[in-house]
Amino acid sequence: MTDGRRWHDMGGREAGRVVPEDHDYALWEKRVDALVILATTTGKMNVDGLRRVLEDMGEDAFETMSYYERWVASLNQNLLEAGVYTPSELGERIAAVQARGETYGDASNG
Amino acid sequence: MPHDHHDHLSPSGHPYRPDQDGPLTYWQAMEIAIRELMVEKGIVTAAQVREQIDAMDARSPAQGAAFVARFWTDPAFRDLALRDGSNACAEMGFEVGPMRLIALENTSRLHNVVVCTLCSCYPRNLLGLPPDWYKSRAYRSRTVREPRKVLAEFGTILPEGVELRVHDSTADMRYIVVPRRPDGTDGWQPDRLAKLVTRDSMIGVAEALPATEAPA
(Lines give C-alpha, C1' and ligand atoms only; values in the text may rest on other atoms or scores of the structure.)
Protein backbone atom coordinates (compact mmCIF):
# COMPACT_ATOMS: atom_id res chain seq x y z
CA MET A 1 0.00 0.00 0.00
CA THR A 2 1.48 3.32 -1.01
CA ASP A 3 -0.66 5.90 0.74
CA GLY A 4 0.43 5.08 4.30
CA ARG A 5 -2.86 3.55 5.24
CA ARG A 6 -3.15 0.08 6.71
CA TRP A 7 -5.28 -2.54 5.01
CA HIS A 8 -8.29 -2.25 7.31
CA ASP A 9 -8.62 1.48 6.60
CA MET A 10 -10.54 0.73 3.44
CA GLY A 11 -12.86 3.71 3.17
CA GLY A 12 -12.71 5.19 -0.33
CA ARG A 13 -10.89 2.33 -2.00
CA GLU A 14 -12.15 0.70 -5.16
CA ALA A 15 -14.12 -2.46 -4.59
CA GLY A 16 -16.75 -4.61 -6.21
CA ARG A 17 -20.50 -4.49 -6.08
CA VAL A 18 -22.23 -4.76 -2.71
CA VAL A 19 -23.88 -8.16 -2.51
CA PRO A 20 -26.81 -7.73 -0.13
CA GLU A 21 -26.41 -11.17 1.43
CA ASP A 22 -27.03 -12.11 5.00
CA HIS A 23 -27.03 -15.21 7.13
CA ASP A 24 -28.22 -16.28 10.52
CA TYR A 25 -25.45 -16.56 13.01
CA ALA A 26 -24.41 -20.02 14.11
CA LEU A 27 -24.41 -20.88 17.79
CA TRP A 28 -20.62 -20.96 17.97
CA GLU A 29 -20.49 -17.48 16.41
CA LYS A 30 -22.94 -16.12 18.96
CA ARG A 31 -20.84 -17.68 21.69
CA VAL A 32 -17.72 -15.95 20.38
CA ASP A 33 -19.61 -12.67 20.40
CA ALA A 34 -20.85 -13.32 23.93
CA LEU A 35 -17.36 -14.24 25.17
CA VAL A 36 -15.89 -11.06 23.71
CA ILE A 37 -18.54 -8.98 25.47
CA LEU A 38 -18.02 -10.84 28.75
CA ALA A 39 -14.22 -10.63 28.50
CA THR A 40 -14.70 -6.88 28.02
CA THR A 41 -17.12 -6.36 30.88
CA THR A 42 -14.84 -8.34 33.20
CA GLY A 43 -11.87 -6.17 32.24
CA LYS A 44 -9.83 -8.88 30.53
CA MET A 45 -9.80 -7.03 27.23
CA ASN A 46 -11.30 -3.99 25.56
CA VAL A 47 -12.52 -3.03 22.11
CA ASP A 48 -9.17 -1.47 21.24
CA GLY A 49 -7.43 -4.75 22.03
CA LEU A 50 -9.95 -6.62 19.91
CA ARG A 51 -9.33 -4.30 16.99
CA ARG A 52 -5.56 -4.19 17.36
CA VAL A 53 -5.29 -7.94 16.91
CA LEU A 54 -7.80 -7.97 14.05
CA GLU A 55 -5.89 -5.23 12.26
CA ASP A 56 -2.52 -6.91 12.88
CA MET A 57 -3.80 -10.12 11.30
CA GLY A 58 -3.46 -8.44 7.97
CA GLU A 59 -5.41 -8.51 4.80
CA ASP A 60 -4.95 -12.24 4.13
CA ALA A 61 -6.95 -13.10 7.22
CA PHE A 62 -9.73 -10.80 6.05
CA GLU A 63 -9.99 -12.81 2.86
CA THR A 64 -9.48 -16.31 4.22
CA MET A 65 -11.16 -16.31 7.63
CA SER A 66 -14.77 -15.60 8.46
CA TYR A 67 -15.71 -12.69 10.70
CA TYR A 68 -16.08 -14.73 13.87
CA GLU A 69 -13.04 -16.83 13.08
CA ARG A 70 -11.07 -13.60 13.22
CA TRP A 71 -12.88 -12.58 16.37
CA VAL A 72 -12.14 -15.82 18.22
CA ALA A 73 -8.48 -15.54 17.21
CA SER A 74 -8.40 -11.98 18.58
CA LEU A 75 -10.23 -13.00 21.75
CA ASN A 76 -7.65 -15.72 22.28
CA GLN A 77 -4.69 -13.38 21.77
CA ASN A 78 -6.13 -10.86 24.20
CA LEU A 79 -6.81 -13.49 26.86
CA LEU A 80 -3.32 -14.93 26.49
CA GLU A 81 -1.86 -11.44 26.91
CA ALA A 82 -4.05 -10.88 29.96
CA GLY A 83 -2.71 -14.12 31.47
CA VAL A 84 -6.14 -15.72 31.70
CA TYR A 85 -4.61 -19.02 30.52
CA THR A 86 -1.32 -20.15 29.03
CA PRO A 87 -0.65 -21.25 25.45
CA SER A 88 -0.11 -24.82 26.66
CA GLU A 89 -3.40 -24.86 28.59
CA LEU A 90 -5.16 -23.73 25.44
CA GLY A 91 -3.38 -26.23 23.23
CA GLU A 92 -4.19 -29.11 25.55
CA ARG A 93 -7.81 -28.07 25.78
CA ILE A 94 -8.24 -27.72 22.03
CA ALA A 95 -6.80 -31.22 21.59
CA ALA A 96 -9.20 -32.55 24.22
CA VAL A 97 -12.14 -30.83 22.53
CA GLN A 98 -11.18 -32.24 19.15
CA ALA A 99 -10.94 -35.73 20.64
CA ARG A 100 -14.55 -35.63 21.83
CA GLY A 101 -16.15 -35.95 18.43
CA GLU A 102 -16.27 -34.86 14.85
CA THR A 103 -19.03 -32.26 15.04
CA TYR A 104 -19.39 -29.05 17.01
CA GLY A 105 -22.32 -30.56 18.86
CA ASP A 106 -20.40 -33.66 19.88
CA ALA A 107 -17.35 -31.65 20.93
CA SER A 108 -19.39 -29.16 22.97
CA ASN A 109 -19.99 -31.25 26.07
CA GLY A 110 -23.68 -30.39 25.99
CA MET B 1 -37.25 -40.97 21.97
CA PRO B 2 -37.16 -42.14 18.36
CA HIS B 3 -34.31 -44.46 17.48
CA ASP B 4 -34.07 -44.14 13.72
CA HIS B 5 -32.20 -40.81 13.59
CA HIS B 6 -30.43 -40.93 16.91
CA ASP B 7 -27.21 -39.63 15.38
CA HIS B 8 -28.85 -36.28 14.88
CA LEU B 9 -30.35 -35.89 18.32
CA SER B 10 -28.65 -34.13 21.19
CA PRO B 11 -28.82 -35.66 24.68
CA SER B 12 -31.98 -33.60 25.22
CA GLY B 13 -33.66 -35.47 22.38
CA HIS B 14 -33.83 -32.43 20.13
CA PRO B 15 -32.16 -32.30 16.74
CA TYR B 16 -28.88 -30.43 16.70
CA ARG B 17 -28.93 -27.04 15.08
CA PRO B 18 -27.51 -27.33 11.55
CA ASP B 19 -24.35 -25.49 12.52
CA GLN B 20 -23.56 -28.16 15.08
CA ASP B 21 -23.74 -30.94 12.52
CA GLY B 22 -20.84 -30.01 10.24
CA PRO B 23 -17.28 -31.20 10.80
CA LEU B 24 -15.70 -29.43 13.76
CA THR B 25 -13.41 -26.63 12.58
CA TYR B 26 -10.25 -25.52 14.35
CA TRP B 27 -11.85 -22.17 15.25
CA GLN B 28 -14.95 -23.81 16.66
CA ALA B 29 -12.73 -26.04 18.81
CA MET B 30 -10.92 -22.91 19.96
CA GLU B 31 -14.23 -21.29 20.95
CA ILE B 32 -15.18 -24.31 23.04
CA ALA B 33 -11.73 -24.43 24.64
CA ILE B 34 -11.70 -20.70 25.48
CA ARG B 35 -15.21 -20.84 26.90
CA GLU B 36 -14.39 -23.79 29.13
CA LEU B 37 -11.14 -22.21 30.33
CA MET B 38 -12.89 -18.90 31.07
CA VAL B 39 -15.48 -20.76 33.14
CA GLU B 40 -12.88 -22.87 34.97
CA LYS B 41 -10.80 -19.78 35.76
CA GLY B 42 -13.85 -18.16 37.29
CA ILE B 43 -14.06 -15.27 34.81
CA VAL B 44 -17.52 -16.11 33.53
CA THR B 45 -20.19 -18.69 34.26
CA ALA B 46 -21.91 -20.84 31.69
CA ALA B 47 -25.15 -19.10 32.66
CA GLN B 48 -23.68 -15.68 31.85
CA VAL B 49 -22.74 -16.89 28.38
CA ARG B 50 -26.28 -18.18 27.83
CA GLU B 51 -27.81 -14.94 29.14
CA GLN B 52 -25.60 -12.92 26.82
CA ILE B 53 -26.80 -14.96 23.84
CA ASP B 54 -30.44 -14.66 24.94
CA ALA B 55 -30.02 -10.89 25.12
CA MET B 56 -28.42 -10.93 21.66
CA ASP B 57 -31.33 -12.95 20.26
CA ALA B 58 -33.81 -10.54 21.83
CA ARG B 59 -32.32 -7.52 20.07
CA SER B 60 -33.72 -7.01 16.60
CA PRO B 61 -34.56 -4.23 14.17
CA ALA B 62 -38.02 -4.19 15.76
CA GLN B 63 -36.56 -2.08 18.54
CA GLY B 64 -35.14 0.39 16.09
CA ALA B 65 -38.47 0.44 14.28
CA ALA B 66 -40.30 1.28 17.51
CA PHE B 67 -37.77 4.05 18.11
CA VAL B 68 -38.43 5.50 14.65
CA ALA B 69 -42.22 5.22 14.92
CA ARG B 70 -42.17 7.12 18.19
CA PHE B 71 -39.83 9.70 16.66
CA TRP B 72 -42.43 10.26 13.93
CA THR B 73 -45.39 10.53 16.27
CA ASP B 74 -44.09 12.15 19.47
CA PRO B 75 -42.51 15.60 18.98
CA ALA B 76 -41.03 15.69 22.47
CA PHE B 77 -39.41 12.32 21.86
CA ARG B 78 -38.10 13.54 18.50
CA ASP B 79 -36.44 16.51 20.21
CA LEU B 80 -34.89 14.23 22.81
CA ALA B 81 -33.69 11.74 20.19
CA LEU B 82 -32.00 14.45 18.13
CA ARG B 83 -30.42 15.98 21.23
CA ASP B 84 -29.39 12.78 23.00
CA GLY B 85 -30.04 9.50 21.23
CA SER B 86 -28.75 7.38 24.09
CA ASN B 87 -31.15 9.02 26.51
CA ALA B 88 -33.97 8.46 24.04
CA CYS B 89 -33.15 4.72 24.06
CA ALA B 90 -33.39 4.76 27.83
CA GLU B 91 -36.73 6.57 27.55
CA MET B 92 -37.98 3.72 25.35
CA GLY B 93 -36.82 1.20 27.94
CA PHE B 94 -34.16 -0.13 25.55
CA GLU B 95 -30.63 -1.00 26.43
CA VAL B 96 -28.57 2.16 26.12
CA GLY B 97 -25.28 0.48 25.27
CA PRO B 98 -21.84 1.85 26.00
CA MET B 99 -21.64 4.07 22.90
CA ARG B 100 -23.18 7.44 22.19
CA LEU B 101 -26.15 7.06 19.84
CA ILE B 102 -26.81 9.73 17.23
CA ALA B 103 -30.13 9.82 15.37
CA LEU B 104 -29.99 11.16 11.81
CA GLU B 105 -33.27 12.42 10.41
CA ASN B 106 -33.96 12.09 6.70
CA THR B 107 -36.01 14.85 5.07
CA SER B 108 -37.26 15.59 1.58
CA ARG B 109 -33.92 17.27 0.87
CA LEU B 110 -31.48 15.19 2.93
CA HIS B 111 -30.77 11.47 3.03
CA ASN B 112 -28.36 9.88 5.50
CA VAL B 113 -26.50 6.60 5.23
CA VAL B 114 -24.26 4.89 7.78
CA VAL B 115 -21.09 2.87 7.30
CA CYS B 116 -18.13 1.78 9.38
CA THR B 117 -15.13 1.96 7.08
CA LEU B 118 -12.65 0.73 9.67
CA CYS B 119 -14.50 -2.28 11.03
CA SER B 120 -18.14 -3.08 11.73
CA CYS B 121 -19.51 -0.62 14.31
CA TYR B 122 -23.30 -0.84 14.30
CA PRO B 123 -26.14 0.20 16.65
CA ARG B 124 -26.60 -3.31 18.01
CA ASN B 125 -28.74 -2.20 20.92
CA LEU B 126 -31.43 -1.02 18.47
CA LEU B 127 -30.90 -3.24 15.41
CA GLY B 128 -29.27 -6.46 16.62
CA LEU B 129 -26.20 -7.87 14.89
CA PRO B 130 -25.20 -6.33 11.55
CA PRO B 131 -25.94 -8.03 8.22
CA ASP B 132 -23.02 -9.60 6.38
CA TRP B 133 -22.92 -6.97 3.64
CA TYR B 134 -22.47 -4.18 6.19
CA LYS B 135 -19.14 -5.79 7.11
CA SER B 136 -18.08 -6.45 3.52
CA ARG B 137 -15.14 -4.85 1.79
CA ALA B 138 -17.40 -3.55 -0.98
CA TYR B 139 -19.75 -1.67 1.38
CA ARG B 140 -16.99 -0.36 3.66
CA SER B 141 -14.84 0.87 0.79
CA ARG B 142 -17.35 2.28 -1.61
CA THR B 143 -20.01 3.89 0.60
CA VAL B 144 -17.74 6.88 1.24
CA ARG B 145 -16.56 7.01 -2.39
CA GLU B 146 -19.66 6.56 -4.51
CA PRO B 147 -22.59 6.40 -2.11
CA ARG B 148 -25.28 7.06 -4.72
CA LYS B 149 -24.07 4.09 -6.69
CA VAL B 150 -24.05 1.90 -3.59
CA LEU B 151 -27.59 2.99 -2.74
CA ALA B 152 -28.65 2.22 -6.30
CA GLU B 153 -27.35 -1.32 -5.83
CA PHE B 154 -29.87 -1.63 -3.01
CA GLY B 155 -32.56 -0.31 -5.34
CA THR B 156 -32.59 3.14 -3.79
CA ILE B 157 -32.39 5.88 -6.42
CA LEU B 158 -32.07 9.32 -4.85
CA PRO B 159 -33.32 12.31 -6.84
CA GLU B 160 -30.52 14.66 -7.93
CA GLY B 161 -31.62 17.47 -5.67
CA VAL B 162 -31.46 15.40 -2.50
CA GLU B 163 -28.27 15.84 -0.49
CA LEU B 164 -26.68 12.57 0.59
CA ARG B 165 -24.65 12.50 3.81
CA VAL B 166 -22.46 9.53 4.65
CA HIS B 167 -21.69 8.95 8.33
CA ASP B 168 -18.63 6.89 9.22
CA SER B 169 -19.02 5.23 12.62
CA THR B 170 -16.30 5.26 15.22
CA ALA B 171 -15.50 3.10 18.22
CA ASP B 172 -17.25 5.60 20.47
CA MET B 173 -20.49 6.39 18.69
CA ARG B 174 -23.26 4.72 16.76
CA TYR B 175 -25.69 6.13 14.23
CA ILE B 176 -29.29 5.27 13.44
CA VAL B 177 -31.05 6.75 10.44
CA VAL B 178 -34.63 7.90 10.90
CA PRO B 179 -36.15 7.40 7.45
CA ARG B 180 -38.83 9.72 6.11
CA ARG B 181 -42.32 8.94 7.27
CA PRO B 182 -44.15 7.42 4.29
CA ASP B 183 -46.98 9.38 2.70
CA GLY B 184 -50.53 8.27 3.43
CA THR B 185 -49.86 7.31 7.04
CA ASP B 186 -51.56 10.24 8.78
CA GLY B 187 -53.20 9.16 11.97
CA TRP B 188 -51.47 5.79 12.07
CA GLN B 189 -50.57 4.51 15.50
CA PRO B 190 -46.88 3.85 16.28
CA ASP B 191 -47.31 0.06 16.23
CA ARG B 192 -48.65 0.18 12.72
CA LEU B 193 -46.03 2.67 11.54
CA ALA B 194 -43.21 0.55 12.96
CA LYS B 195 -44.07 -2.20 10.49
CA LEU B 196 -42.97 0.09 7.67
CA VAL B 197 -39.53 0.64 9.20
CA THR B 198 -37.05 -1.89 7.86
CA ARG B 199 -33.54 -2.57 9.06
CA ASP B 200 -32.11 -1.29 5.79
CA SER B 201 -34.04 1.97 6.11
CA MET B 202 -32.38 2.56 9.50
CA ILE B 203 -28.92 1.98 7.99
CA GLY B 204 -29.91 4.35 5.21
CA VAL B 205 -29.59 2.09 2.17
CA ALA B 206 -33.36 2.09 1.69
CA GLU B 207 -36.47 4.15 2.41
CA ALA B 208 -39.19 3.02 4.77
CA LEU B 209 -41.82 0.84 3.09
CA PRO B 210 -44.70 2.69 1.43
CA ALA B 211 -48.00 2.65 3.32
CA THR B 212 -49.45 0.30 0.72
CA GLU B 213 -46.87 -2.34 1.61
CA ALA B 214 -47.65 -2.47 5.31
CA PRO B 215 -47.46 -6.11 6.39
CA ALA B 216 -50.69 -7.49 7.82
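Here is how names work: the chains are called A, B, and so on, in the same order as the sequence lines, proteins then strands, and each is numbered from 1. Note that this is a predicted model, so its numbers are computed, not measured.
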Practice task
Pick whichever of Tyr139(B), Tyr134(B), Trp27(B) has the most heavy-atom pairs under 4.5 Å with chain A.
Solution key: Trp27(B)
Exercise for the section: Ignoring hydrogens and angles, state whether a donor on the side chain of Glu81(A) or Gln77(A) is under 3.5 Å from an acceptor on the partner side chain. Expected result: yes
Completion exercise
Those residues of residues 35-48 of chain A that come under 4.5 Å of chain B on a heavy-atom basis, listed by number, are Leu35(A), Ile37(A), Leu38(A), Ala39(A), Thr42(A), Lys44(A)
Handout entry: Portion of Met56(B) that has a non-hydrogen atom of chain A nearer than 4.5 angstrom
Key = side chain
Handout entry: Option that, when pairs with chain B are counted at under 4.5 Å, heavy atom only, ranks first among Leu90(A), Val72(A), Leu54(A), Asp9(A)
Key = Val72(A)
Exercise for the section: Report the residues that fulfil side-chain hydrogen bond (donor to acceptor under 3.5 Å, both in side chains) with Glu40(B), sequence neighbours left out, ordered by chain and then residue number. Expected result: Arg93(A)
Problem - Greatest number of heavy atom pairs closer than 4.5 Å to chain A - which of Glu51(B), Glu146(B), Arg124(B) - result: Arg124(B)
Problem - Output field: ring centroids Phe94(B)/Phe67(B) closer than 6.0 Å - result: no
Exercise for the section: Supply the atom-to-atom distance Met92(B) CE to Asn87(B) CG, rounded to the nearest 0.5 angstrom. Expected result: 13.0 Å
Completion exercise
Interface check, chain B: of Glu92(A), Glu55(A), Glu29(A), Glu89(A), most non-hydrogen pairs under 4.5 Å belong to Glu89(A)
Problem - Contact class of Ala95(A) relative to chain B, heavy atoms under 4.5 angstrom - result: neither
Fill in the blank from the handout: Counting heavy-atom pairs under 4.5 angstrom with chain A, the leader among Arg140(B), Lys149(B), Arg50(B), Gln48(B) is Arg140(B)
Problem - Parallel, tilted or perpendicular: ring planes of Tyr175(B) versus His167(B), cut at 30 and 60 degrees - result: tilted
Exercise for the section: Would you please say whether a donor-acceptor pair under 3.5 Å links the side chains of Arg181(B) and Thr185(B)? Expected result: yes
Practice task
Please determine, among His23(A), Glu14(A), Met10(A), the option with the most heavy-atom pairs under 4.5 Å with chain B.
Solution key: Met10(A)
Problem - Ionic contact status for Glu95(B) with Arg59(B), cut-off 4.0 Å - result: yes
Exercise for the section: Run the ring-centre check on Trp133(B) versus Phe154(B) and record whether the distance is less than 6.0 Å. Expected result: yes
Problem - For chain A, the option from Val44(B), Val115(B), Ile32(B) that forms the most heavy-atom pairs under 4.5 Å - result: Ile32(B)
Problem - Contact leader toward chain A among Thr117(B), Asp200(B), Leu24(B), Leu129(B), where contacts are heavy-atom pairs under 4.5 Å - result: Leu24(B)
Completion exercise
Counting heavy-atom pairs under 4.5 Å with chain A, the top scorer among Val144(B), Asp168(B), Ile34(B) is Ile34(B)
Problem - chain A contact via Val49(B) - side chain, backbone, both or neither, heavy atoms under 4.5 Å - result: both
Handout entry: Axial cation check for Tyr67(A) ring with Lys135(B), 6.0 Å and 45° limits
Key = yes
Exercise for the section: May I ask you to check whether over 12 heavy atoms, not counting those of Arg100(B), lie within 6.0 Å of atom CZ? Expected result: no
Fill in the blank from the handout: Pair count under 4.5 Å, heavy atoms only, with chain B: among Leu79(A), Val19(A), Asp33(A), Val32(A), highest is Asp33(A)
Problem - Part of Glu102(A) lying under 4.5 Å from any heavy atom of chain B - result: backbone
Practice task
For the pair Asn112(B) (side chain) and Val177(B) (backbone), establish whether a donor and an acceptor sit closer than 3.5 Å, ignoring hydrogens and angles.
Solution key: no
